[in-house]
Every structure is written in C-alpha cells, then in structure tokens.
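The structure appears right after this line, and notes come after that.
For the single chain, residues carry numbers from 1 onward in sequence order. All heavy atoms count here, side chains included; hydrogens, waters and symmetry mates do not.
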Amino acid sequence: MEWISLETADQLDNIKQNQGYSLIFKHSTRCSISMMAKRRFEMDWENLPADMPLYFLDLIKHRDLSNKVAQDFSVYHESPQMLLIKDGECILDQSHGSISVDETMSVLS
C-alpha cells in the first residue's frame, strides 16, 4: 500500500466525484499522537482493499485544504483524523486513538 499526497482542491473534488471508496488520513507532522496513529494504521493497512486510494494530508503544509475537507464532508476538524469516503460521502470519521483499520473494514463489509 502507498499513500497518495493530497495537496490540491482539485484532488479533493476528484475524491468527492469518485464512485466507490477512498480514504483520507489527516496528519500533523508535529504531533506525536498523530505519528503513533499513523504508524498503527500502517501496520494493518494491508487488510484494506488493494484498489482503495489512500490519501495523506499533511495538515501543517495544507491547513486550508484540511479546512476544506472538514467543510466538504461535514466533519469536525481533528488531528489525526481518518475519513472513509464512499461515493463522495463520508461514511466513517475516526480520530486519535480510535483510528482503526479493523473498524474501517467492518464498515466496508
């Protein structure tokens, strides 16, 4: 599995228009909790569907885009945060210690 850097509003628009599942991981490079959540997620991410795009949003570099994610998907901004998107709608929003591949998989099943 590999992260796709989420860096533009156009990419976000494409995610909203995509049929099927996409995942957005919002990460603060200055936060140790965010680093631990990312590491824990990556340890299990091979259980996710191989064809599901995994987007990585660096909150420090792209604060405006992070705010747009919160607005477009009607979620409260948190960091770290993982959003599971299906057909342009956020169907799962996890943050901090609750970020889990297992719970993500239970929503996919």
Side-chain angles (χ1 to χ4, degrees):
M1 307 286 300
E2 203 170 301
W3 292 115
I4 301 165
S5 290
L6 180 54
E7 299 177 345
T8 68
D10 286 343
Q11 283 177 292
L12 189 56
D13 290 340
N14 288 337
I15 294 168
K16 292 187 319 193
Q17 294 170 16
N18 183 41
Q19 294 300 303
Y21 294 98
S22 299
L23 185 139
I24 299 172
F25 191 95
K26 294 169 53 178
H27 173 69
S28 171
T29 55
R30 296 181 189 158
C31 174
S32 61
I33 294 171
S34 191
M35 188 65 69
M36 285 184 351
K38 178 180 174 279
R39 202 173 301 134
R40 197 175 88 212
F41 185 83
E42 289 174 337
M43 285 174 45
D44 293 331
W45 70 351
E46 71 276 354
N47 296 325
L48 295 169
D51 62 344
M52 184 168 62
L54 305 177
Y55 292 92
F56 179 85
L57 176 56
D58 181 335
L59 300 175
I60 305 302
K61 289 183 183 175
H62 303 287
R63 172 61 77 178
D64 56 335
L65 195 54
S66 175
N67 292 336
K68 184 168 174 44
V69 167
Q71 179 181 355
D72 288 1
F73 293 110
S74 301
V75 296
Y76 182 77
H77 163 76
E78 297 192 68
S79 170
Q81 186 174 35
M82 192 281 300
L83 286 74
L84 180 62
I85 312 300
K86 180 182 181 189
D87 301 334
E89 300 289 327
C90 181
I91 61 168
L92 180 64
D93 170 19
Q94 301 173 327
S95 67
H96 296 81
S98 68
I99 294 173
S100 158
V101 169
D102 288 342
E103 186 175 345
T104 303
M105 290 303 297
S106 73
V107 173
L108 293 173
S109 303

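Neither Leu57 nor Trp3 shares a network with the other; the hydrophobic side chains, linked directly or stepwise wherever heavy atoms of I, L, V, M, F, W or Y lie under 4.5 Å apart, form separate groups for each. In the hydrophobic clustering of this structure, Met1 does not group with Leu6; members are Ile, Leu, Val, Met, Phe, Trp, Tyr whose side-chain heavy atoms approach within less than 4.5 Å, directly or through other members. Under a hydrophobic-cluster definition in which Ile, Leu, Val, Met, Phe, Trp and Tyr are linked whenever side-chain heavy atoms come within less than 4.5 Å, directly or via other members, Phe73 and Leu84 are assigned to different clusters. By the criterion of side-chain heavy atoms lying less than 4.5 angstrom apart, applied directly or through intervening Ile, Leu, Val, Met, Phe, Trp or Tyr residues, Met105 is grouped together with Phe41 in one hydrophobic cluster. Tracing side-chain contacts under 4.5 Å through hydrophobic residues (I, L, V, M, F, W, Y), one never reaches Met52 starting from Ile24; they form parts of separate clusters.
Considering only heavy atoms from C-beta on, Lys68 comes within 4.5 Å of Asp13 through its side chain.
Applying the side chain to side chain donor-acceptor pair (under 3.5 Å) definition to pairs two or more places apart or across chains, those involving residues 54-64 are Arg63-His77.
Note that the CG atom of Asn47 and the OG1 atom of Thr104 stand 10.5 Å from one another [nearest 0.5 Å].
Proximity of a side-chain donor or acceptor of Asp87 to a complementary backbone N or O of Gly20 within less than 3.5 Å is detected. Put simply, the side chain of Gln71 never gets that close to the backbone of Asn67: no donor and acceptor are under 3.5 Å apart.
The two residues Ser34 and Lys26 make their nearest non-hydrogen contact at OG-O, 4.4 Å. Between Val75 and Cys90, the closest heavy-atom pair is CG1-SG, 4.0 Å.
Phe25 and Phe56 have parallel rings, their planes meeting at less than 30° on a 0 to 90° scale where 60° marks the start of perpendicular.
More than 12 heavy atoms of other shown residues, nucleotides or ligands fall within 6.0 angstrom of atom CD1 in Ile4. Heavy-atom contacts from other residues, nucleotides or ligands closer than 6.0 Å to CD of Glu89 number 12 or fewer. Within a 6.0 Å radius of NZ in Lys16, other residues, nucleotides and ligands contribute more than 12 heavy atoms.
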Atom pairs and distances, donor-acceptor, side-chain atoms in residues 91-99, under 3.5 Å, two or more places apart:
| from | atom 1 | to | atom 2 | distance (Å) |
| --- | --- | --- | --- | --- |
| Asp93 | OD1 | Gln81 | NE2 | 2.9 |
| Gln94 | OE1 | Ser100 | N | 3.0 |
| Gln94 | NE2 | Glu103 | OE1 | 3.2 |
| Ser95 | OG | Glu78 | OE1 | 3.1 |
| Ser95 | OG | Glu78 | OE2 | 3.4 |
| His96 | NE2 | Ser79 | O | 3.1 |
| Ser98 | OG | Ser95 | N | 3.2 |
| Ser98 | OG | Ser95 | O | 2.6 |

Checklist line | Stepwise side-chain contact (heavy atoms from CB on, under 4.5 Å) check, Asp72 with Ile15 | finding: CA-CA 11 Å; Asp72 288 1; Ile15 294 168; over 6 Å; no
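Residue Leu65 is tested with Leu59, Leu12, Thr8 for a side chain to side chain contact (heavy atoms under 4.5 Å, CB included); the sole match is Leu12.
Qualifying side chain to side chain donor-acceptor pair (under 3.5 Å) partners for Ser22, counting only residues two or more places apart in sequence or in other chains: Asn18.
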